[in-house]
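All remarks here apply to the structure that follows.
We count ligands from 1, going down the list as the structure has it; atoms in each ligand are counted the same way.
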Amino acid sequence: MELVIIPAGVPRKPGMTRDDLFNINAGIVRTLCEGVAKCCPKAVVHVISNPVNSTVPIAAEVFKKAGTYDPRRLMGVTTLDVVRANTFVAEVLGLDPAIVKVPVIGGHAGITILPILSQVTPPSSFTKDEVEYLTNRIQNGGTEVVEAKAGAGSATLSMAFAAAKFADATLRALKGEAGIVECAFVASQVTELPFFASKVLLGRNGIDEILPLGPLNEYEREGLIKLKGELKASIDKGLAFAAK
Ligand SMILES: NC(=O)C1=CN([C@@H]2O[C@H](COP(=O)(O)OP(=O)(O)OC[C@H]3O[C@@H](n4cnc5c(N)ncnc54)[C@H](O)[C@@H]3O)[C@@H](O)[C@H]2O)C=CC1
Ligand SMILES: O=C([O-])CC(=O)C(=O)O
């Protein structure tokens, strides 16, 4: 049982998008994945380095070239989006974040981060204003931290918490614990895009099953349509880089 977590690379400074990190981090992720393919080709790989929407496709291409690719074992880490969503929704509902679960789908940048508030557990309803506030806050949670740190980096500490949470869930599933479901950015057929974040069932081999998106309300369906263009462009940018 092997798990490789890749958090290497440069973080954002205020005014930058995650995509602005591409020029440096794409090469770092490519080199590290070449090392994984050589040294531990059967490892499950968690990619944290941004822009996740591009670095995961890069990792997939590196593994394909090396002949070690297994889509069940490659996951982009979007747990921090879920941690933020659980926290902000719990604040609005006046609940303990530990009991709130919000699926977050799409990708890991700006509008590609789409919280599915209609599927929150415990079942809850929100006003239109609350939906707008929560969606924007969750989509911009990373930027909020980058601005607050004013040049000293991004959300390192909360990412460490999220990475540990996702690693723990993955390792428990690899050991045989049943029924572990997490959101992650993975090779996917739930939409027409080749990679997408959604709920996945983890198991002894990594991803056992990618779960359907479930019913979305009109606001979420519109969000899904809007995010696809940006997400596709980021995926294609990663694939083009890896093909060079
Ligand atoms: N997926 C997510 O939700 C999140 C992703 N991130 C991303 O994670 C990455 C790291 O962020 P932080 O840990 O906050 O930055 P940091 O600057 O605190 O740490 C980055 C680490 O990467 C190492 N590094 C740099 N180049 C390397 C190379 N070529 N090979 C191996 N290691 C190398 C550095 O020595 C440093 O230890 C950034 O790309 C950031 O955008 C950060 C937070 C959340
Ligand atoms: O925003 C950033 O640059 C780091 C990150 O991905 C996050 O905190 O979600």
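The shell of residues lying under 4.0 angstrom from ligand 1, judged by heavy atoms, excludes Gly153. Within the structure, ligand 1 has His108 among the residues with a heavy atom less than 4.0 angstrom away. Note on ligand 2: Val145 sits outside its first shell, no heavy atom being nearer than 4.0 Å.
At the top of the distance list for atom 1 (O) of ligand 2, counting protein heavy atoms only, stands Arg12 NH2, 2.7 Å. Atom 4 (C) of ligand 2 has Asn50 ND2, 3.6 Å as its closest protein atom, hydrogens excluded (heavy atom only). At the shortest separation from atom 9 (O) of ligand 2 among protein heavy atoms lies Arg84 NH1, 2.8 Å.
There is no protein heavy atom less than 4.0 angstrom from atom 34 (C) of ligand 1. For atom 37 (O) of ligand 1, no protein heavy-atom neighbour is present inside the 4.0 Å cut-off.
For Gly9, a nitrogen or oxygen atom sits less than 3.5 Å from a nitrogen or oxygen atom of ligand 1, counting backbone and side chain alike. Between His108 and ligand 2, at least one N/O pair is under 3.5 Å apart. In terms of N/O distances under 3.5 Å, ligand 1 is approached by Asn25.
Checked against a 6.0 Å centroid threshold, the rings of Phe88 and Tyr133 do not count as neighbours.
Within ligand 2, the atoms closer than 4.0 Å to a non-hydrogen atom of Gly142 are 1 (O), 7 (C), 8 (O), 9 (O), numbered from 1 in the order shown.
The heavy atom nearest to atom 1 (N) of ligand 1, considering only Ile48, Thr79, Val145, Asp81, is found in Ile48.
Heavy atoms of Thr78 found under 4.0 angstrom from ligand 1: none, in either backbone or side chain. In Asn50, the parts holding a heavy atom less than 4.0 Å from any atom of ligand 1 are both the side chain and the backbone. Contacts between Arg18 and ligand 2 below 4.0 angstrom, taking non-hydrogen atoms only, involve the side chain exclusively. Contacts between Pro7 and ligand 1, counted as non-hydrogen atom pairs separated by less than 4.0 Å, involve the backbone only.
In this model, no donor atom of one side chain and acceptor atom of the other lie less than 3.5 Å apart for Thr79 and Glu182. Of the N and O atoms on the side chains of Thr143 and Arg12, at least one donor lies less than 3.5 Å from an acceptor on the other residue.
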